[in-house]
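The structure appears right after this line, and notes come after that.
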Amino acid sequence: MDHEKAARRHAELCSILHRHSYLYYALDQPEISDSQYDRLINELSQLEKDYPDLTSSDSPTQRVGALPLDKFPPYRHTVPMLSLDNARNEDELYEFDLRIKKEGGRLDEIEYVCEVKLDGLAVELIYDKGMLVNGATRGDGIVGEQIIENLRTISSIPLRLSGNYPQLLEVRGEVYIDKESFQKWNRELEESGSPTFANPRNAAAGSLRQLDSRITAKRPLTIFCYGLGAMAGQLPDNHFSTLQALRDFGLRVNLAETKLVRGPAEVIACYHDLIVRREELPYEIDGMVVKVNDLALQRDLGEKSRSPRWAIAFKFPPRQAITSVVDIQLQVGRTGAITPVAILAPVEVSGVMVSRASLHNWDEIARLDVRIGDQVVVERAGDVIPDVVQVLVEKRNGSEVCVPLPDSCPECGSPVSKLAGEVIPRCQGLACPAQLKEALIHFASRNAMDIEGLGERYVEQLLNLGLVSNIADLYKLTQADLFRFERMGEKLAENLLTAIAQSKTRPLPRLLFGLGIRHVGVHLAKVLAQQFGSLPALEGASLDELCAIHEVGPQVAQSVVNFFAAPRNREILEQLLAAGVSPQTEAKRSGGPLAGKIFVFTGAMSRFGRKEAQERVERHGGRASGSVSKKTDYVIAGDEAGSKLEKARELGVTVLSEEEFTELLKKLEDGDDTSDTASNGTGTGGQFSLFD
Ligand code: IVH
């Protein structure tokens with residue numbers, strides 16, 4: 001390609017990509033898929049590699065970060081970045097409205113714009129003739145830090161504006177991390193043993209203040225723009241239309257949560273509506289910002305030293321409240337774990353009445369030193385059940401009662417033991433009714449034996465009537481037994497008995513999970529089933545054999561050995577088998593549903609690296625190869641797949657797209673029936689005709 005042609009294609013690609021990132025980020029209405037976008041970006045990168053002089057600062061490829069800095073240079077804001085006064089309740093909001101009417105000389109109701117108050121980090125972006133030329137943090141409002149390299153890495157910040165933008169535009173907004181990305185990222189940090197962040201705000205601030213912008217580039221940061229600094233050009237005369245104009249320039253504006261209202265009563269209605277929806281929003285907010293819509297009125301009102309007179313932050317009610325601990329009750333779970341729960345004098349916390357709080361365990365009780373009769377601070381953040389976060393020791397009168405670690409089970413009186421290194425005491429009673437109830441509910445639950453209809457209500461009746469004393473007894477129930485239930489008709493009884501009977505042939509991992517072996521969750525149940533293939537094989541496994549399995553640690557191994565060593569458990573397993581429970585067995589790992597199948601990967605994959613894809617195939621018994629031949633079973637074609645794909649087509653080898661391959665892995669790894677039928681060699685293997 002000659003230089004002129006390359007330059008034309010470069011300009012064309014830049015403008016196509018700018019348009020699509022505008023559709024994606026500013027409008028949330030993408031027209032092309034992520035992989036189509038990536039393909040265009042790859043073409044642009046290649047062009048810039050071949051013709052380096054074509055690379056410009058606003059090229060969509062320039063978001064990967066630059067060389068690390070020693071420190072951030074100071075940045076003096078042209079117009080100070082002010083802060084906001086707070087209104088803590090409705091009265092203060094009415095006072096704000098009255099002041100505006102008085103000082104602004106208005107008699108009519110004032111028009112306000114209500115916006116969410118995002119909890120992130122305030123920044124300013126400077127666009128000169130539509131190009132992003134600088135950017136800074138708020139700092140003390142007068143001087144901030146210049147962090148343009150970092151801001152450039154945020155995909156939702158346009159590197160150039162579109163439409164009819166002013167010559168100079170200083171845009172202000174909040175950089176933040178949404179709740180989901182924050183949780184995902186924190187989980188990853190935890191798994192890699194790195195320190196985690198306390199909240200999305202700290203995470204956003206920490207990421208944005210990285211001297212190495214290549215690190216910032218990897219963080220899930222985004223922005224909502226909500227205002228202006230200096231400006232030279234033509235813009236609307238009210239705030240609401242200004243926000244719409246910013247959106248038209250390609251900036252990300254939260255118009256979905258921006259409401260134009262009239263008068264304080266409508267502001268308050270908007271506020272209550274937002275409180276109700278607060279937890280559902282994908283980002284953290286700590287209040288609502290109320291701004292005068294008319295910009296002429298804003299100018300007339302002016303500002304005080306630190307905050308404008310035309311806006312206010314209407315703060316949310318605290319997520320904390322003070323109440324008293326009426327009782328501390330002990331709950332016994334399925335594994336005998338005894339957990340303390342605080343029963344509270346009912347109190348409203350962030351708009352919801354609460355009367356219980358979790359205390360987690362005795363270490364937590366000791367840490368807080370919480371006693372029956374104490375005044376405590378409870379906090380509700382997201383979850384419905386609040387936590388006790390502090391005891392008001394100064395409020396004590398001496399009548400408070402400590403709750404000691406129990407030495408016998410509150411439900412059955414059996415001895416309780418606490419293993420070294422564990423914080424939770426456990427009831428050792430084999431016939432503890434509380435444990436049995438939870439164990440039965442767990443056994444019948446969706447991810448275990450999936451006995452439809454057998455929930456807490458029926459389990460309680462089974463226990464009250466003395467009809468079951470272990471999980472195996474479920475399979476001995478008759479219609480006559482069920483007729484002893486309250487409100488039980490013929491049809492219901494029949495349905496329940498059918499559901500119980502159908503559960504007899506559930507796959508082995510479900511039975512293993514349903515048994516409630518400590519530390520064996522859904523995933524480990526699959527691993528064990530795959531490794532040992534059958535219940536008798538697992539029963540006979542030694543500690544060493546178990547420890548040798550990748551993913552099985554010594555704690556899990558010991559727990560499995562203990563489970564099968566207990567005579568009572570062996571008895572119940574025998575009864576289960578005698579009652580006709582015969583789980584579908586798994587292919588052993590050396591086999592696996594993909595045993596003998598040869599995979600070739602070609603082209604770029606967006607969801608995983610080549611190595612990971614190969615490992616995943618191997619995990620199911622398949623093999624990866626570098627070249628396509630007649631022996632190849634499957635070619636997985638990523639983006640820009642080349643000659644290998646052609647060869648596969650020539651030889652008639654089955655080709656799967658990355659999506660189809662991901663779907664296949666998902667089916668295999670979810671351990672659903674695909675892998676079982678596949679290993680039996682009888683199934684169709686689902687939509688990919690892998691196992692025909
Ligand atoms: S307007 C003069 N709008 O709240 C107007 N601020 O205490 C000042 N914030 O530093 C800002 N969401 O970090 C405005 N929709 C919003 C906001 C918002 C969050 C933050 C911003 C500012 C602080 C004000």
Side-chain angles (χ1 to χ4, degrees), residues 75 77-88 92-93 96 99-100 112-125 135-145 147 151 154 156-157 170-179 199-209 221-231 238-240 242-244 246-247 251-261 267 270-271 274 277-278 281-295 297-316:
Y75 178 88
H77 300 287
T78 328
V79 178
M81 284 181 82
L82 301 175
S83 167
L84 291 169
D85 274 353
N86 290 333
R88 278 174 303 263
E92 293 186 2
L93 194 274
F96 165 76
R99 257 192 328 267
I100 287 178
Y112 292 107
V113 177
C114 300
E115 300 170 10
V116 293
K117 186 165 185 298
L118 283 156
D119 205 7
L121 200 78
V123 300
E124 177 165 78
L125 310 169
T137 61
R138 174 172 179 272
D140 63 6
I142 308 292
V143 178
E145 288 173 317
I147 52 160
L151 291 170
I154 301 176
S156 49
I157 296 182
E170 293 182 355
V171 186
R172 287 160 182 194
E174 197 86 351
V175 169
Y176 70 95
I177 294 182
D178 68 47
K179 292 183 201 164
N199 54 51
R201 202 204 110 76
N202 291 1
S207 301
L208 208 47
R209 297 196 62 263
L221 296 170
T222 185
I223 191 169
F224 270 133
C225 300
Y226 52 65
L228 294 181
M231 195 270 296
N238 67 75
H239 180 64
F240 192 78
T242 304
L243 291 178
Q244 288 174 320
L246 293 183
R247 152 87 72 101
L251 292 152
R252 190 159 184 264
V253 182
N254 192 0
L255 288 182
E257 289 299 339
T258 298
K259 309 272 152 62
L260 185 59
V261 301
V267 170
C270 210
Y271 171 77
L274 192 57
R277 293 182 303 108
R278 177 183 190 184
L281 293 175
Y283 37 73
E284 285 285 351
I285 57 175
D286 57 356
M288 188 172 93
V289 183
V290 186
K291 298 173 182 172
V292 167
N293 189 35
D294 181 349
L295 297 182
L297 178 54
Q298 280 193 10
R299 265 190 302 277
D300 289 350
L301 291 163
E303 46 243 12
K304 299 183 284 184
S305 65
R306 286 191 62 247
S307 54
R309 291 196 184 86
W310 46 264
I312 200 155
F314 200 169
K315 299 290 262 191
F316 283 151

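These values consider heavy atoms only, across backbone and side chains, with no hydrogens, waters or symmetry-generated copies. Indexing begins at 1, ligand by ligand and atom by atom, following the structure's order.
- Protein heavy atom nearest atom 6 (N) of ligand 1, with residue, atom name and distance: Y226 CZ, 3.5 Å.
- Looking at N293, its side chain does come within 3.5 Å of a backbone N or O of F240 through a donor-acceptor pair.
- The shortest contact between atom 13 (O) of ligand 1 and any protein heavy atom is with E174 OE1, 2.6 Å.
- Taking 4.0 Å as the cut-off between side-chain N and carboxylate O, E115 and K291 count as a salt-bridged pair.
- Atom CG of D294 is separated from atom CG of N238 by 7.5 Å, given to the nearest 0.5 angstrom.
- With hydrogens and angles disregarded, no donor-acceptor distance shorter than 3.5 Å links the side chain of D178 to the backbone of Y283.
- With a 6.0 Å radius and a threshold of 12 heavy atoms from other residues, nucleotides or ligands, R306 has its CZ atom at or below the threshold.
- In this structure, M81 does not count as a contact residue of ligand 1, since none of its heavy atoms falls inside 4.0 Å of the ligand.
- Scanning the protein heavy atoms around atom 7 (O) of ligand 1, the nearest turns out to be L84 N, 3.3 Å.
- The shortest N/O to N/O separation between L118 and ligand 1 falls below 3.5 Å.
- In this structure, V116 is part of the shell of residues with a heavy atom less than 4.0 angstrom from ligand 1.
- In this structure, the protein non-hydrogen atom closest to atom 15 (N) of ligand 1 is E115 OE1, 2.8 Å.
- Of all the atoms in ligand 1, the ones that sit under 4.0 Å from a non-hydrogen atom of P308 are 2 (C).
- For D119, no heavy-atom contact with ligand 1 is shorter than 4.0 Å.
- A salt bridge between R172 and E174 is absent, with no side-chain N of the basic residue lying under 4.0 Å from a carboxylate O of the acidic one.
- When hydrogens are left out, the protein atom nearest atom 3 (N) of ligand 1 is K291 NZ, 3.0 Å; that is the closest non-hydrogen contact.
- In the vicinity of S83, heavy-atom distances shorter than 4.0 Å reach the ligand 1 atoms 7 (O).
- Counting only heavy atoms of the protein, atom 8 (C) of ligand 1 lies nearest to L82 O, 3.6 Å.
- A salt bridge between E145 and R209 is present, with a side-chain N of the basic residue lying under 4.0 Å from a carboxylate O of the acidic one.
- Looking at D85 and K304, a side-chain N of the basic residue comes within less than 4.0 Å of a carboxylate O on the acidic one, giving a salt bridge.
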